[in-house]
Amino acid sequence: MTNNTPKKTALVVSAHSADFVWRAGGAIALHHAQGYDVHVVCLSFGERGESAKLWRKGEMSEAKVKAARRSEAQAAAEILGASIEFFDLGDYPLRADKETLFRLADVYRRVQPHFVLTHSLQDPYNYDHPTATHLAQEARIIAQAEGYRPGEKIVGAPPVYCFEPHQPEQCNWKPDVLLDITSVWDKKYQAIQCMAGQEHLWEYYTRVAQQRGVQAKRNVGITTSREIIYGEGYQSIFPRVTEDLA
């Protein structure tokens with residue numbers, strides 16, 4: 001018997017080539033293990049503002065830095081089980097025109113994601129991050145429009161979750177989803193170690209995962225036998241529509 005159930009998919013829109021690893025690597029690996037096809041779009045390589053260690057080596061060029069960051073991101077995506085593509089829009093500043101929006105909308109149409117992960121709506125420390133979020137949001141709307149490329153299958157209304165910014169208190173980011181990533185932490189940490197250009201963040205994001213794990217355990221009940229050590233936090237943009245509040 002042929003199984004006509006469509007494959008479950010997810011889309012991650014990352015401003016820079018390492019963001020999806022720090023902030024959503026656990027979600028990617030977890031859903032890959034559950035049978036999802038997860039696709040990552042890196043809008044830029046982070047070659048200007050997020051590659052200080054590479055620039056300090058000397059004898060570097062923008063092309064060399066981009067190549068190094070691409071290699072890191074590809075290796076990390078392979079570990080996590082995701083496909084990946086690069087828009088190469090540049091960073092600091094990240095900017096996009098109408099054609100880029102259409103390009104991202106086309107990714108939505110192709111992937112048909114069941115959910116989307118991207119950055120917080122605000123980040124006073126890094127304007128590239130909310131720019132990526134707004135691009136992801138606007139492209140989603142375009143991909144839903146019947147009049148955009150009529151005849152193609154439109155996108156429904158996949159929930160959008162904002163992953164954790166570096167300083168959440170300053171970004172008006174408050175998690176309403178705590179994802180247990182304990183079972184895939186080893187995969188996430190392997191992917192983190194691919195990010196040689198930002199080695200100073202490896203242990204920071206380990207501590208973040210441990211903190212969210214403690215909070216997740218508290219929110220399912222500290223007396224439960226369920227072991228939660230590592231977690232990721234997400235803030236949903238849209239209301240959840242359900243017939244079951246349990």
Side-chain angles (χ1 to χ4, degrees), residues 10-28 30 38 40-52 69 73 76 80 87 89-96 100-101 104 113 115-141 158-181 185 188 191-192 195 197-216 218-219 230-240:
L11 177 64
V12 183
V13 180
S14 182
H16 311 108
S17 59
D19 291 327
F20 74 94
V21 180
W22 314 128
R23 309 171 198 282
I28 295 168
L30 188 66
V38 184
V40 177
V41 173
C42 287
L43 298 176
S44 83
F45 293 105
E47 65 272 12
R48 291 179 181 171
E50 313 237 322
S51 303
R69 298 311 302 266
L80 297 172
F87 275 28
L89 300 180
D91 71 319
Y92 286 56
L94 174 66
R95 294 290 185 266
T100 300
L101 268 174
L104 188 54
F115 66 87
V116 179
L117 306 179
T118 191
H119 294 267
S120 56
L121 287 164
Q122 299 178 42
D123 190 337
Y125 298 98
N126 193 320
Y127 277 63
D128 289 358
H129 292 165
T131 297
T133 308
H134 290 296
L135 288 173
Q137 284 284 85
E138 191 168 3
R140 176 183 179 274
I141 293 168
V160 179
Y161 298 100
C162 300
F163 38 61
E164 184 163 356
H166 193 68
Q167 296 192 48
E169 298 87 350
Q170 305 303 113
C171 300
N172 290 320
W173 181 91
K174 181 180 178 180
D176 54 22
V177 176
L178 293 172
L179 187 68
D180 178 7
I181 63 165
W185 170 251
K188 178 169 181 174
I192 283 174
M195 299 296 130
Q198 292 176 282
E199 188 176 351
H200 62 288
L201 292 176
W202 294 4
E203 294 310 311
Y204 173 82
Y205 280 105
T206 298
R207 293 194 300 271
V208 170
Q210 290 170 331
Q211 176 174 303
R212 295 302 177 198
V214 170
Q215 293 168 351
R218 178 65 179 266
N219 278 275
Y230 298 99
E232 286 175 349
Y234 294 89
Q235 182 178 38
S236 54
I237 291 182
F238 299 105
R240 176 185 172 204

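Counting from 1, the numbers follow the sequence of the chain as shown. Heavy-atom basis, side chains included; hydrogens, waters and symmetry copies ignored.
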Quiz item: Could you walk me through whether His129 and His16 pass the side chain to side chain contact (heavy atoms under 4.5 Å, CB included) check?
Solution: CA-CA 8 Å; His129 292 165; His16 311 108; 3.5 Å; yes
Quiz prompt | Where Leu135 and Ala96 come nearest, the two heavy atoms and their spacing | solution = CD2-CB, 3.6 Å
Practice problem: Could you please spell out the steps behind the side chain to side chain contact (heavy atoms under 4.5 Å, CB included) verdict for Thr118 and Val160? | Solution: CA-CA 7 Å; Thr118 191; Val160 179; 4.1 Å; yes
Quiz item: Considering residues at least two apart in sequence or located in another chain, which fulfil the ring pair (Phe, Tyr, Trp, His ring centres under 6.0 Å) criterion with Tyr161?
Solution: none
Practice problem: For Gln137, enumerate each residue passing the side chain to side chain donor-acceptor pair (under 3.5 Å) test, keeping only those at least two apart in sequence or located in another chain. | Solution: none
Quiz item: Side-chain contact, heavy-atom cut-off 4.5 Å: Tyr127 with Pro93?
Solution: no
Self-check item: Those residues that, when tested against Glu138, pass salt bridge (Lys or Arg N to Asp or Glu O under 4.0 Å) (two or more places apart)
Solution: none
Quiz item: What's the shortest heavy-atom distance between Gln235 and Asp176, and which atoms?
Solution: CA-OD1, 3.6 Å
Practice problem: List for me each residue that meets salt bridge (Lys or Arg N to Asp or Glu O under 4.0 Å) alongside Arg140, sequence neighbours excluded, and say none if there are none. | Solution: none
Exercise. For Tyr204, check ring pair (Phe, Tyr, Trp, His ring centres under 6.0 Å) against everything at least two apart and list the hits.
Key: His166
Self-check item: Step-by-step side chain to side chain contact (heavy atoms under 4.5 Å, CB included) determination, Asp91 to Phe45
Solution: CA-CA 7 Å; Asp91 71 319; Phe45 293 105; over 6 Å; no
Quiz item: Can you tell which of Ile28, Asp19, Val41 makes a side-chain contact (heavy atoms from CB on, under 4.5 Å) with Val12?
Solution: Ile28
Quiz item: Could you walk me through whether Val21 and Tyr205 pass the side chain to side chain contact (heavy atoms under 4.5 Å, CB included) check?
Solution: CA-CA 10 Å; Val21 180; Tyr205 280 105; over 6 Å; no
Quiz item: Which heavy atom in Ala15 sits nearest to a heavy atom in Leu94, and how many Å separate them?
Solution: CB-CD2, 4.3 Å
Self-check item: Atom of Met195, atom of Trp22 and distance for their closest heavy-atom approach
Solution: CB-CH2, 3.5 Å
Exercise. Only counting residues at least two apart or in another chain, list the ones meeting side chain to side chain donor-acceptor pair (under 3.5 Å) with Tyr230.
Key: none
Practice problem: Please round to the nearest 0.5 Å and tell me the distance separating atom CG of Leu101 and atom CD1 of Ile141. | Solution: 10.0 Å
Self-check item: Main-chain N/O of Leu89 paired to Ser44 side chain as donor or acceptor, under 3.5 Å
Solution: no
Quiz item: Which residues satisfy the ring pair (Phe, Tyr, Trp, His ring centres under 6.0 Å) test with Phe163, sequence neighbours excluded?
Solution: His119
Self-check item: Within residues 118-131 or reaching into it, pairs that qualify as salt bridge (charged side-chain N to carboxylate O under 4.0 Å, His left out) - sequence neighbours excluded
Solution: none
Quiz item: Are any side-chain N or O atoms of Ser120 and backbone N or O atoms of Cys162, one a donor and one an acceptor, separated by less than 3.5 Å?
Solution: no
Quiz prompt | Partner residues of Tyr92 under the side chain to side chain donor-acceptor pair (under 3.5 Å) criterion, sequence neighbours left out | solution = Glu50, Asn126
Self-check item: Residues in ring pair (Phe, Tyr, Trp, His ring centres under 6.0 Å) contact with Phe115, at least two apart in sequence or another chain
Solution: His31, Tyr36
Quiz item: Can you pull the salt bridge (charged side-chain N to carboxylate O under 4.0 Å, His left out) pairs that have at least one residue in residues 158-172, sequence neighbours excluded?
Solution: Glu164-Arg212
Quiz item: Quick one: does Gln210's side chain get under 4.5 Å of Val214's, heavy atoms only?
Solution: no
Self-check item: Min side-chain heavy-atom separation Phe238-Ser236 under 4.5 Å
Solution: no
Quiz prompt | Residues which pass side chain to side chain donor-acceptor pair (under 3.5 Å) with Gln198, listed by chain and number, not counting sequence neighbours | solution = Arg69
Self-check item: Taking every non-hydrogen atom, the tightest pair across Trp202 and Ile192
Solution: NE1-O, 3.2 Å
Quiz prompt | Spacing of CG belonging to Leu117 relative to CZ belonging to Phe20, to within rounding of 0.5 Å | solution = 12.0 Å
Exercise. Any chance you could measure Leu30, atom CG, to Ile181, atom CD1, to the nearest 0.5 Å?
Key: 8.5 Å
Quiz item: Would you say the side-chain atoms of Glu232 pair up with the backbone N or O of Ala27, donor to acceptor, closer than 3.5 Å?
Solution: yes
